[in-house]
Amino acid sequence: MVATRTWRCLFALTFLSLTAWSAEGGDWPGWRGPTSNGVAAEGKYPVEWTAEKNVAWKVALPGSSGSSPAVWGDRIFVTCPKDGKNGLLCFDRSGKSLWEAEVGTEKPGKHKKGSGSSPSPTTDGKHVFVYYKSGDVAAYTLTGERVWHHNVQEMFGEDTLWWDLGTSPVLTQNDVVIAVMHSGPSYLVAFNKETGKQSWKQARDLGAPEEAAQAYSTPVVFQEGGQERLAVLGADHATCHDAVTGKELWRVGGLNPTQHKYFRSIAGPVVSDGIVVAPYGRGDTVTAIRLGGEGDVTKSHIAWMESSAGADVPTPIAVNGKVYVCRDKGEVICRDIATGKSLWSATTEKNRNGYSASPILADGKLYLVREDGTTTVLSAADGSQLAQNPLDEEFTVATPVFVDGQILIRTFKHLYCIGPKP
């Protein structure tokens, strides 16, 4: 078992070196998986299920949320509102509740698919880190003891987003980083994982008009030349930052050439093969940016840009020379990451429900979770459909989690474990 888990970890790091710490194959440390690019560790995962068939267990949740679970070892961490508070729940791998914590007072969601607990938790195996619409950010031990707690809105000003907070915290080697991009002073802030002390704060005000200044996207941590970096998307720009200091290293603008007032961004960037892939413009464009450079690299570092080929909400997968985009109505496009050439495209079953969850690549298959809980499974080689698996639950906007041959699907009402019983 130890050898298998070690091999899985090396597999993940081969595809994308992200940070100096890493999860093992049985862990899913945060939104988008062990390498933050939407790729599961090696393993065989279920292809077919229903609400009754091939379900290891199912537990009811006390509040609605679109955050994805985080998994480390035998523990599953879930955020959701509970009795007017920001809740952090911990289950074991059989679905048994281990502990619960309250992390400040809930600030309820405005949108029917939103909540005060939309950001996903993340963990480094020692602490679990959480962030909420109320501004509360905190660290807990894996056994439920609070280590530190801040409220970034009390520290730096109120949230001015028109809708519900979506960006999740991300981890660097030393810090937990929060991106606040709204109509007001926008910034990145880093807190030391162990102590909660502020490590740095970097302004990110880029002159985008009205709602276009607002972003719900999550940064991605990656390594370039042995240095830890952050890629951030929002306010009509993609920017790259030194993860140790927060300093901006380069930027690409022009993602909103007409200065559209309502070009807020939801889908986040993804990094692979020396390229940052940036979906933008309410799903209108995908821009590929070569790493490197300094300052404004808009004219020198865009590898390609495609129109009418992006996603508004789902973040793409990027790995091994390919980009997989699940568009909001279910069209899937696979492209060569270096050239943008379309390799194949497919369309899932037409349905009134769209896609808010981000796709995951596991065992050569693409898993696409629709808002009604239906998961379509496609071959990553050619886009052919392998299965369609209904759960009939609204809403399902959380990205699924893949660990040790099981799939965790979080709906507004339940947490499902698909696959063999532990």
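Residues: numbered from 1 along the sequence shown. From a predicted model like this one, the values you see are computed outputs, not experimental measurements.
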- Stepwise side chain to side chain contact (heavy atoms under 4.5 Å, CB included) check, Gln214 with Trp162: CA-CA 8 Å; Gln214 304 186 6; Trp162 291 8; 3.0 Å; yes

- Derivation of the side-chain hydrogen bond (donor to acceptor under 3.5 Å, both in side chains) call for Asn174 and Thr172: CA-CA 5 Å; Asn174 297 317; Thr172 67; 6.0 Å; no

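- Of all heavy-atom pairs spanning Ala238 and Ile289, the tightest one is CB-CD1, 3.7 Å.
- Applying the ring pair (Phe, Tyr, Trp, His ring centres under 6.0 Å) criterion to Tyr132, with sequence neighbours excluded, gives no partner residue.
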- Which is it for Leu378 and Leu368 under the side chain to side chain contact (heavy atoms under 4.5 Å, CB included) test, yes or no, and what are the steps along the way? CA-CA 8 Å; Leu378 304 180; Leu368 319 170; 3.8 Å; yes

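- Of all the heavy atoms in Val55 and Thr50, the pair that sits closest is CG2-O, 3.3 Å.
- Between the side chains of Trp31 and Thr399, at least one donor-acceptor pair of N or O atoms lies under 3.5 Å.
- Using a 4.5 Å cut-off on side-chain heavy atoms (C-beta onward), Leu89 and Thr79 make no contact.
- Ser183 and Thr160 share no side-chain donor-acceptor pair at under 3.5 Å.
- Judged purely by distance below 3.5 Å, without hydrogens or angles, the side chains of Ser68 and Arg410 never pair a donor atom with an acceptor atom.
- Using a 4.5 Å heavy-atom cutoff, the side chains of Leu142 and Thr123 are in contact.
- Ring centroids of Phe402 and Tyr367 are separated by less than 6.0 Å, placing the two rings close together.
- Here Ile407 contributes atom CD1 and Thr375 contributes atom OG1; the two are 7.5 Å apart, rounded to the nearest 0.5 Å.
- With a 4.5 Å cut-off on side-chain heavy atoms, Leu165 and Pro119 count as touching.
- In this structure, CZ in Phe222 is found 10.0 Å from CD in Glu228, a value given to the nearest 0.5 Å.
- Looking only at side-chain heavy atoms (C-beta outward), Phe412 and Val397 come within less than 4.5 Å of each other.
- What you find for Thr298 and Gly253 is that their closest heavy atoms are OG1-N, 2.8 Å.
- Donor-acceptor pairing under 3.5 Å is recorded for the side chains of Ser199 and Asp175.
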- Task: Under the salt bridge (Lys or Arg N to Asp or Glu O under 4.0 Å) rule, what do Arg251 and Asp236 come out as? Steps first, then yes or no, please.
- Result: CA-CA 10 Å; Arg251 68 172 62 179; Asp236 300 342; over 6 Å; no

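- Here the side chains of Pro359 and Val369 are not in contact, with every heavy-atom distance at 4.5 Å or above.
- Two rings, from Tyr140 and His127, have their centers 6.0 Å or more apart.
- Residues Asn389 and Thr374 bring no donor and acceptor atom of their side chains to less than 3.5 Å of each other.
- Using modelled atom types, one side-chain atom of Arg93 and one backbone atom of Gly73 make a donor-acceptor pair closer than 3.5 Å.
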- Item | Verdict with supporting geometry, Leu366 and Val377, side chain to side chain contact (heavy atoms under 4.5 Å, CB included) | CA-CA 6 Å; Leu366 297 173; Val377 185; over 6 Å; no

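- Contact check on Lys365 versus Glu48 returns no salt bridge, with no Lys/Arg side-chain nitrogen under 4.0 Å from an Asp/Glu carboxylate oxygen.
- Taking CG of Asp205 as the reference point, atom CE of Met181 lies at 11.5 Å (rounded to 0.5 Å).
- In this structure a side-chain-to-backbone donor-acceptor pair under 3.5 Å is missing from Trp250 to His241.
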- From CA spacing to verdict: side-chain hydrogen bond (donor to acceptor under 3.5 Å, both in side chains), Arg32, Thr315: CA-CA 9 Å; Arg32 304 295 281 145; Thr315 293; 4.9 Å; no

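- For the side-chain contact (heavy atoms from CB on, under 4.5 Å) test with Thr218, the passing option among Thr122, Val170, Val232 is Val170; the others fail.
- Proximity of a side-chain donor or acceptor of Asn54 to a complementary backbone N or O of Trp49 within less than 3.5 Å is not detected.
- Judged by distance alone, with hydrogens and angles left aside, the side-chain atoms of Tyr216 form a donor-acceptor pair with the main-chain N or O of Trp163 at under 3.5 Å.
- Counting heavy atoms from C-beta on, the side chains of Thr376 and Gln385 come closer than 4.5 Å.
- Ring orientation note: the planes of His182 and Tyr187 are nearly perpendicular, at an angle over 60° on the 30°/60° scale.
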- Message: Apply side-chain hydrogen bond (donor to acceptor under 3.5 Å, both in side chains) to residues Ser272 and Asn320 and explain how you reach the verdict.
- Response: CA-CA 7 Å; Ser272 185; Asn320 202 26; over 6 Å; no

- Task: Using the side chain to side chain contact (heavy atoms under 4.5 Å, CB included) rule, take Ile178 and Leu188 through it: C-alpha gap first, then chi angles, then the decisive distance, then the call.
- Result: CA-CA 6 Å; Ile178 304 293; Leu188 309 175; over 6 Å; no

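- In this pair, Phe263 and His260 present their aromatic rings parallel. The plane angle is below 30°, not in the 30 to 60° band.
- A donor-acceptor distance shorter than 3.5 angstrom exists from the side chain of Asp124 to the backbone of Lys126, with no hydrogens or angles considered.
- A donor-acceptor pair shorter than 3.5 Å cannot be found between the side chains of Thr347 and Glu331.
- Checked by atom type, the side-chain pair Arg370/Thr396 shows no donor-acceptor distance below 3.5 Å.
- Asp164 contributes a side-chain N or O that, together with a main-chain N or O of Lys110, makes up a donor-acceptor pair within less than 3.5 Å.
- One N or O on the side chain of Lys193 and one on the backbone of Gln173 form a donor-acceptor pair closer than 3.5 Å.
- Ser120 contributes no side-chain N or O that, together with a main-chain N or O of Gly30, makes up a donor-acceptor pair within less than 3.5 Å.
- Note that the CD atom of Glu306 and the NZ atom of Lys341 stand 12.5 Å from one another [nearest 0.5 Å].
- A distance of 3.5 Å separates OG in Ser356 from CD in Glu371, rounded to the nearest 0.5 Å.
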- Mind running salt bridge (Lys or Arg N to Asp or Glu O under 4.0 Å) on Asp363 and Lys44 for me, showing each step along the way? CA-CA 6 Å; Asp363 191 31; Lys44 296 293 182 181; 3.6 Å; yes

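- Side chain of Arg290 to backbone of Gly274: no donor-acceptor contact under 3.5 angstrom is found.
- Scanning both residues, Ile275 and Leu291, for their nearest heavy atoms gives N-CG, 4.2 Å.
- Side-chain N/O atoms of Tyr355 and Thr348 include a donor and acceptor closer than 3.5 Å.
- Here the CD-CG distance, from Glu106 to Asp136, works out to 11.5 Å after rounding to the nearest 0.5 Å.
- Checked by atom type and distance alone, the side chain of Thr167 pairs as donor or acceptor with a backbone atom of Ser217 at under 3.5 Å.
- Defined by atom type and a distance below 3.5 Å, a donor-acceptor pair is present between the side-chain atoms of Glu393 and His414.
- Nearest heavy atom pair, residue Gly116 against residue Asn86, reads O-OD1, 4.2 Å.
- Summarising the geometry of Gln198 relative to Phe191, their closest heavy-atom pair is CA-CD2, 3.8 Å, with the distance given to 0.1 Å.
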